[in-house]
Amino acid sequence: MIDLRLLREDPELFRAGQRLRGESTEVVDDLLRADEERRSVTQRFEAVRAEQKSLGKQVAKSSGDERAALLARTKELAAEVKTAETAATEADQALRRAHLAVPNLVQDGVPAGGEDDFVVLREVGDIPSIENPKDHLELGEGLRAIDTERGAKVSGSRFYFLTGVGALLQLGLLQMAVQQAVEHGFTPSITPSLVRPEAMEGTGFLGSHASEVYRLEADDLFLVGTSEVALAAYHSNEILDLTTPERFAGWSTCYRREAGSHGKDVRGILRVHQFDKVEMFSFCRPEEATDEHLRLLAMEEEMLAKVEVPYRVIDVAAGDLGSSASRKLDCEAWVPSQQRYREVTSTSNCTTFQARRLNVRYRDEDGRPQTAATLNGTLATTRWLIPILENHQQPDGSVRVPKALQPFLGGRDVLEPTR
RNA sequence: GGAGGGCUCGCCUAGUGGCCGAUGGCGCCGGUCUUGAAAACCGGUGAGGCGUUACGCGUCUCCGUGGGUUCGAAUCCCACGCCCUCCGCCA
């Protein structure tokens, strides 16, 4: 949710943001109207309610005829109060609906346009020249590391088993991510992957993402698509001390229905219903959010350097941000079999948008509660196995192990195919 | 699955219809005392909206949530949610 005070002061700022996203400015004007409506209706209610309270006090003190007369008046007033209260409640609800419909303000400098209008900030590492590169599934099957056939047999399409070195590779990668996070002062966390509707709702995943989310109807719980959900809701309805940012690295399994992506990236483990991820999440003061965002990006790049994979950093265009982000920076790793870059991390600066919704606040120097800022970013996921396997492949189907990962694979520097 | 207990302003707690937006303790902040600190004592200390104004004042809302009764509800009634304990069942 956006800052209503800022909206009143400068509605044009928000209309401009909408245009940058390629979305209608109507929601902004709807919100302005709902806000004004609510204020006038609320004032009316408060006036009659104040009268009712003061008369009520007189009733308590009076007796006899005086009391009877007062009671007659207050009785009439009670009906008015009820009407006014109903109107005020309705106006509140209308305001909330309108409020939820407006996405976050876009940060200055974010490229305009949609999915294809990102700006490449930099490319890092040399693209390897590999003749007839095998893709990650072929390599993974050779190493007996990835088994999608049995994944499908047991659970359906877009499921897989990681076995042997595949399992070790993932565990090693994620452990390495957690270690790095701890070194940088993040609190390692293992988070619930089932959450209540409020948590899902509060992080905004029941909006346009609703069809992506698995729901357990019998228990009214949702499977999270990222530990961001649990981490963001962790401090909901709390007032924090944010003299320094609070940083978490959450490890969880993630679940996504991938509805509407039928036929897209069906091979291997690029786009799957279940994967594991270490996700960074920060709560900080709004004025620190921009720096914090770059810090999260630096963490991601540090990880990518450790796995020795070429990548590029892109500044995602306004139309592709999602409603809570004010700016989103993705790292895309080179995938030799596809001869293109594919997303492996994504870090978003949600400013106060998400925290306002979840009611996460902090105390400023004057002791007043203020809305916090939240940011998130990927540190490692199952998907990383793809560029790791493919970029380090050798003609015989073996795969070199990046130095940083070797300790997690019993010191091996090469994984040999078993067939 | 069965039975019971609970939900009040950071934590604990008082409060059975108007004197309650709410008691007391802990914590925290300020002061007195002290070379300094602790102790003791004194004072202050929930959140949000709106208005006014300049940091004070006014007003409304909030005692798990939603309804109801009443001129008036933390308090009475109904429904729901959540937490805890015990029993059963299963890891």
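A, B, ... follow the sequence lines: proteins, then strands. Residue 1 opens every chain. We use all heavy atoms of the structure for the numbers below, so side chains are in, but hydrogens, waters and symmetry mates are not.
For A/F45, the side-chain atoms get nearest to B/rU61 when compared with the rest of B/rU59, B/rU61, B/rC71. Considering only the side chain of A/R39, B/rG51 comes nearest among B/rG51, B/rG49, B/rA47. Across B/rC60, B/rC83, B/rC71, the shortest atom-to-atom separation from the side chain of A/A50 is found for B/rC60. Distance from the side chain of A/L71 is smallest for B/rC71 among the nucleotides B/rC71, B/rU59, B/rG48.
For the C1' atom pair drawn from B/rC90 and B/rG5, the interatomic distance equals 25 Å after rounding to whole Å. Atom C1' of B/rC12 sits at a distance of 24 Å from the matching atom of B/rG30, rounded to the whole Å. Here the separation of B/rA22 from B/rC41, taken at their C1' atoms, is 27 Å to the nearest Å. One C1' atom belongs to B/rG21, the other to B/rG46, and the distance between them is 10 Å to the nearest Å. Separating the C1' atom of B/rA40 from that of B/rC50 is a span of 44 Å, rounded to the nearest Å. Remark: the separation of the P atoms in B/rU75 and B/rG67 is 14 Å, to the nearest Å. As rounded to the nearest Å, B/rC63 and B/rG68 have P atoms that lie 15 Å from one another. Of the C1' atoms belonging to B/rC77 and B/rU69, the separation is 7 Å, rounded to the nearest Å.
Nearest heavy-atom pair across A/M299 and A/Q180 is O-NE2, 3.0 Å.
Within the nucleic acid shown, A/R73 has no heavy atom closer than 4.0 Å to any nucleic acid atom. A/R8 comes within 4.0 angstrom of sugar-phosphate atoms only, judged by non-hydrogen atoms across all strands, and of no base.
Between A/E85 atom CD and B/rG72 atom P the separation is 11 Å, expressed in whole Å. Atom pair A/Y362:OH and B/rA47:P shows a separation of 15 Å (rounding to whole Å applied). Here B/rG49 presents its C1' atom at 14 Å from CG of A/D3, a figure rounded to the nearest Å. One can place CZ of A/R196 at 12 Å from C1' of B/rG64, the figure rounded to the nearest angstrom. What separates CZ of A/R356 from C1' of B/rG48 is a distance of 13 Å, to the nearest Å. In this entry the distance linking CD of A/E198 with P of B/rU65 reads 13 Å, nearest Å. Straight-line distance from the CG atom of A/D220 to the C1' atom of B/rC82: 13 Å, rounded to whole Å. Between the CD atom of A/E46 and the P atom of B/rU59 there is a distance of 11 Å, given to the nearest Å.
Distances shown here put a side-chain N or O of A/R49 below 4.0 Å from the OP1 or OP2 atom of B/rU61. Put simply, A/K53 has no side-chain N or O that comes within less than 4.0 Å of OP1 or OP2 on B/rA73. The phosphate of B/rU59 has neither OP1 nor OP2 within less than 4.0 Å of any side-chain N or O from A/R44. Between B/rU69 and A/K82, a contact under 4.0 Å exists linking OP1 or OP2 to a side-chain N or O. Within the structure, every side-chain polar atom (N or O) of A/Q52 is placed at least 4.0 Å from both OP1 and OP2 of B/rC71. In this structure, A/R5 reaches the B/rG49 phosphate: one of its side-chain N or O atoms is under 4.0 Å from OP1 or OP2. Taking 4.0 angstrom as the limit, A/R361 places a side-chain polar atom (N or O) nearer than this to OP1 or OP2 of B/rG48.
Each of A/E51 and A/Q370 lies near RNA chain B, and the nucleotide nearest A/Q370 is the one positioned closer to the 5' end. For A/Q43 and A/A47, each mapped to the nucleotide of RNA chain B holding its nearest heavy atom, the one lying further toward the 5' end belongs to A/Q43.
The pairing partner recorded for B/rC76 is B/rG68, the criterion being a Watson-Crick or G-U wobble arrangement whose two distances lie under 3.5 angstrom. Here B/rC90 sits opposite no nucleotide as a Watson-Crick or G-U wobble pair (both hydrogen-bonding atom distances under 3.5 Å). Nucleotide B/rG56: paired with B/rU52 (Watson-Crick or G-U wobble, both distances less than 3.5 Å). Here B/rC19 sits opposite no nucleotide as a Watson-Crick or G-U wobble pair (both hydrogen-bonding atom distances under 3.5 Å). Pairing for B/rG36 is absent, with no Watson-Crick or G-U wobble pair whose two atom distances lie under 3.5 Å. The partner of B/rC28 is B/rG44, by the rule that a Watson-Crick or G-U pair needs both atom distances under 3.5 Å. Using N1 to N3 plus N6-O4 or O6-N4 for Watson-Crick, or N1-O2 and O6-N3 for G-U wobble, each under 3.5 Å, B/rG4 pairs with B/rC84.
A distance below 6.0 Å separates the ring centres of A/H235 and A/F283. If you look at A/Y234 and A/F248, their ring centroids are closer than 6.0 Å. Separation of the A/F159 and A/F161 ring centroids does not fall under the 6.0 Å cut-off.
Under a 4.0 Å N-O distance rule, the pair A/D265/A/R342 qualifies as a salt bridge. A salt bridge links A/K306 to A/E302: at least one charged side-chain nitrogen sits closer than 4.0 Å to a carboxylate oxygen. Salt bridge A/R400/A/D413: absent, no basic N to carboxylate O contact under 4.0 Å.
Taking 90° from 0 as the syn/anti boundary, the base of B/rC55 is oriented syn.
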>> Using the rule given for side-chain hydrogen bond (donor to acceptor under 3.5 Å, both in side chains), can you reason through A/S346 versus A/D330, listing the C-alpha separation, both sets of side-chain angles and the distance that settles it, and then say yes or no?
In response: CA-CA 4 Å; A/S346 182; A/D330 287 1; 2.8 Å; yes

